[in-house]
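Computed from heavy atoms alone, side chains included, the values below leave out hydrogens, waters and symmetry copies.
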Amino acid sequence: MRPPSLVVEPGDEARLATQARAVARGALALAEGRATVAVVTFTLGGQACAMEASAVERAVARLGPMASVPQAGGGARLVAWVDEQPVAVTDLATLAGLPPRTAVALAQAPALLLATPAGGSLVAVEGPLELAESRLDLVAGPALDGLPGLCLAGRLEGGAALLAASWLVACAGGAPGP
């Protein structure tokens, strides 16, 4: 008696490759809460928050002077300079339903530079910014609470709210919030 032969259909090849990459990244272990994740931590409205470090292109300690630039569809958007290049600014506090900060207050705020489909975009947060490694304690679901307006991916073992990177990238790129 011979063991059955394993046949991989060409249509399954992409699925198998995707699963192999997910396992290699440790995504399955992360979803089960067994793995640690590298995060950038900050605060927002006094609440501890974090974002996966892999989604952050660069951290900016202080935004500095900004300009209000008119948009083609109407309205205006704040722009700060990073390496002498203008970069759009989104205030995470506003997305979270907190009162908007003035340009003067934002100039002192730290920010995370994210790559969006529309180009680089800065997300202003509250400091201090720290790079850390933490265990995912709770995956997103109804048990998560926090500031209204934020889309959370989970909660870290220290209690920090882990923001959904894809949601934040979309909002920073100009897409409407949830």
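- Of all non-hydrogen atoms in Gly158 and Ser134, the two that sit nearest each other are N-OG, 4.5 Å.
- Linking ILVMFWY residues whenever their side-chain heavy atoms come closer than 4.5 Å, directly or via other members, places Leu92 and Leu98 in the same cluster.
- Put simply, the side chain of Leu163 reaches to within 4.5 Å of the side chain of Leu152, judged on heavy atoms.
- Nearest heavy-atom pair, Gly127 versus Pro110, reported as atom, atom and distance to 0.1 Å: N-CG, 3.5 Å.
- In this structure, Leu44 and Cys49 approach most closely via the heavy-atom pair CB-SG, 4.0 Å.
- In this view, Ala105 and Arg101, Thr102 satisfy the side-chain contact (heavy atoms from CB on, under 4.5 Å) rule, not counting sequence neighbours.
- Phe42 and Val123 fall within the same hydrophobic cluster, where Ile, Leu, Val, Met, Phe, Trp and Tyr residues are linked whenever their side-chain heavy atoms come under 4.5 Å apart, directly or through other members.
- Contact record, Ala124 with Leu106: CB-CD2, 3.7 Å, taken as the closest heavy-atom pair.
- Tracing side-chain contacts under 4.5 Å through hydrophobic residues (I, L, V, M, F, W, Y), one reaches Val169 starting from Leu95; they form part of the same cluster.
- A heavy-atom distance below 4.5 Å is not found between the side chains of Glu130 and Val39.
- Proximity of Met51 to Leu114: side-chain heavy atoms (C-beta onward) are separated by under 4.5 Å at one or more points.
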Can you give the donor-acceptor pairs under 3.5 Å from side chains of residues 56-67 to other protein atoms, not counting sequence neighbours?
| from | atom 1 | to | atom 2 | distance (Å) |
| --- | --- | --- | --- | --- |
| Arg58 | NH1 | Asp83 | OD1 | 3.3 |
| Arg58 | NH1 | Asp83 | OD2 | 2.6 |

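- When every heavy atom of Ala172 is checked against every heavy atom of Ser121, the shortest pair comes out as O-OG, 2.9 Å.
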Discussion item. Test side chain to side chain contact (heavy atoms under 4.5 Å, CB included) on Leu168 and Thr90; report intermediate values, then the result.
Written reply: CA-CA 10 Å; Leu168 193 51; Thr90 300; over 6 Å; no
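- A heavy-atom distance below 4.5 Å is not found between the side chains of Leu78 and Leu122.
- The two atoms that bring Leu129 and Ala111 nearest to each other are CD1-O, 4.0 Å, heavy atoms only.
- Residues Val69 and Val82 do not share a hydrophobic cluster, clusters being chains of Ile/Leu/Val/Met/Phe/Trp/Tyr side chains in contact below 4.5 Å.
- Neither Trp167 nor Leu113 shares a network with the other; the hydrophobic side chains, linked directly or stepwise wherever heavy atoms of I, L, V, M, F, W or Y lie under 4.5 Å apart, form separate groups for each.
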